[in-house]
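Taking it in order: structure first as structure tokens, then the write-up.
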Number of protein chains: 2
Amino acid sequence: MYVSAWSANPVSADYLASTLCRNMERQVATRIAQQGALLKVQSDHIIFHEGDESDSVYEIVKGMVKLYKLLPDGRRQITGFVSAGDLMGLAHKDTFTHTSEAVTEVVLFRIPKARFDRFVDEVPGLARSLLNAAQDELHFAHDQLLLLGRKTALERIASFLLTMTERFGELVEGGTTSIPVPMRRCDIADYLGLTIETVSRGLSRLKKDGIVKDLNGGRTMLVDQDRLIDLSAGDDCVDM
Amino acid sequence: MYVSAWSANPVSADYLASTLCRNMERQVATRIAQQGALLKVQSDHIIFHEGDESDSVYEIVKGMVKLYKLLPDGRRQITGFVSAGDLMGLAHKDTFTHTSEAVTEVVLFRIPKARFDRFVDEVPGLARSLLNAAQDELHFAHDQLLLLGRKTALERIASFLLTMTERFGELVEGGTTSIPVPMRRCDIADYLGLTIETVSRGLSRLKKDGIVKDLNGGRTMLVDQDRLIDLSAGDDCVDM
DNA sequence: CGGGTAATTGAATTCGGTCAATTTGGGTGG
DNA sequence: CCACCCAAATTGACCGAATTCAATTACCCG
């Protein structure tokens, strides 16, 4: 049993976040909430393993989770970091396609897949809104293919910081933005297809150039978003 | 106008392939078919550009299409090769997220996005089946992230040939499978995050080892699926 | 039978990886 | 409160897989 740290609690509709219940009547949200339960998972604990029977769907309520795939010899690719409002375990296969591990302490909403599937079929517009979410994820995955296939180490690191900025950044002042960086170097490396040494060197370089500053021992960073955009090879300069 | 080679024809429901109309009553398929038209596109012609207004949804009826993204300096990442039964242009954004180019001569079914969206909302189960298709694509994209982030050149080439085998392979005899390889070396390279030289060297290596044989000037190949599975770093040896 | 593009092969280069040595910093217990 | 411990991060030196640059060969098409 990999998740020894779980503790289930009753749940109210208030916890159900964006993806699942956005554009949904409160009544329906409450009905869904009643079918599942909240769980707390300690950081570094595994939530589910690739290949396990996927009997549940999860929504992140709080904290950050990493999803990854492994090669037989242990090489690892993190396919994404998910956070509040994101869903996991949706694939219509009967096994999980990723391993899921808590980056920080995490609160999850868990609902049996069979019940979730009933809601998808019964609640008008839910399948559609999940389809939109899946297509957004797909779009993001394709950007990541471009990153892994064609960007240099420094471009990847800049792109990563930029993504964190877009998702979690809080504008501070004078063109600097504060971003949380809860994951370890080895997680960043396995997300960017690099080694921890290369990630470290890249970040040092960005610090030396004044584009990035550590705040509380690296858990938070101050970044210059504009210069990151330049460095990330104009990630989106064409279509944004 | 990038697609000078298009020619529109009347369309019957017979052309509508798997993704769109699988599990759908013939009557509905016919209704959808009446809302769109067939187009023929010559090989190497562009079907739509990344950033263009996405006013249509396409289903490939015949042939193969490549989808790619570009960096400002011209570096290219092919995110996928799509073929009969696959859909393009589904994203709910109002612009295309990829450029789409015909690898072979292609026949497409094209339907205005607004009409398509009406069907998605009206036809029971269509949103659900599109959701499943999107999740399969997502799963595939994540496998490709692992390939680009963590596999060696030879592993990538073996994985690519294996994917082609699974999608298009026809068992010949004695453990060999025949696969079509309609794309150029530079397409394979941009799909695998490599250069044409590295792809060429890898294929030469596989030929020397008797794992791959050219058939009609490289357009078709005979491959040893089992040995490809080994070489691809056990791509799916865990979950299959 | 050429002509031109695509593919292959070879040699030199380089970016990122590997191996190894320090440094940093958060947590713990005296 | 501080010294110690240990994991994580950083830095340095060297190495190697894949790229780059360059030359040759194969192949499709008129």
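Heavy atoms only: backbone and side chains are in, while hydrogens, waters and symmetry mates are out. All of these numbers come straight from a predicted model, not from anything done at the bench. Convention: sequence-line order gives letters A, B, ...; per-chain numbering from 1.
In this entry the distance linking NZ of A:K151 with C1' of C:dG16 reads 18 Å, nearest Å. Between A:R185 atom CZ and C:dT24 atom P there is a gap of 15 Å when expressed in whole angstrom units.
Side-chain atoms of A:K40 never come within 3.5 Å of backbone atoms of A:V106 as a donor-acceptor pair (strictly under, hydrogens ignored). Although no hydrogens or angles enter the test, the distance criterion places no donor-acceptor pair under 3.5 Å between the side chain of B:R150 and the main chain of A:L70.
You can see that DNA chain D meets the heavy atoms of chain A within a 4.0 Å-exclusive cut from D:dA8 to D:dA13, reading 5' to 3'.
Counting only residues at least two apart or in different chains, side chain to side chain donor-acceptor pair (under 3.5 Å) contacts with residues 217-229 of chain A comprise A:N216-A:T220.
Scanning for ring-ring contact (aromatic ring centres under 6.0 Å, His included) contacts around B:Y68 gives an empty result, with sequence neighbours left out. Applying the side chain to side chain contact (heavy atoms under 4.5 Å, CB included) rule to A:E53 yields no partners; only residues at least two apart in sequence or on another chain are considered. Judged as a side chain to side chain donor-acceptor pair (under 3.5 Å), and not counting sequence neighbours, B:S200 has no contacts. The side chain to side chain donor-acceptor pair (under 3.5 Å) test applied to B:S83 returns B:R167, not counting sequence neighbours. For A:H98, the side chain to side chain donor-acceptor pair (under 3.5 Å) test picks out A:T79, B:H142, with sequence neighbours left out. With sequence neighbours left out, the side chain to side chain donor-acceptor pair (under 3.5 Å) criterion links B:E155 to A:R75, B:T152.
Residues from residues 216-225 of chain B with heavy atoms under 4.0 angstrom of DNA chain D, sorted by number: B:G217. Residues of residues 189-203 of chain A that place a heavy atom closer than 4.0 Å to DNA chain D, in numerical order, are A:E197, A:S200, A:R201.
An OP1 or OP2 oxygen of C:dT9 is reached within less than 4.0 angstrom by a side-chain nitrogen or oxygen of B:S204.
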Quick one: which protein N/O atoms are closer than 3.5 Å to N/O atoms of nucleotides 1-5 of chain C? Pair and distance per line, please.
none

Output a table of donor-acceptor pairs, distance under 3.5 Å, between side-chain atoms of residues 178-188 of chain A and any protein atom two or more places apart or on a different chain; print 'none' if there are none.
from, atom 1, to, atom 2, distance (Å)
A:R184, NH2, A:D44, OD1, 2.8
A:R184, NH2, A:D44, OD2, 2.9
A:D187, OD1, A:K66, NZ, 2.9
A:D187, OD1, A:R76, NH2, 2.9
A:D187, OD2, A:K66, NZ, 3.1
A:D187, OD2, A:R184, N, 3.4

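Note: B:Y58 and B:F96 have tilted aromatic rings, judged against thresholds of 30 and 60 degrees for the angle between ring planes.
Residues A:E50 and A:T99 come closest through the heavy atom pair N-OG1, 3.1 Å.
Inter-residue side-chain proximity for B:F81 and B:M64 is flagged as met; some heavy-atom pair is nearer than 4.5 Å.
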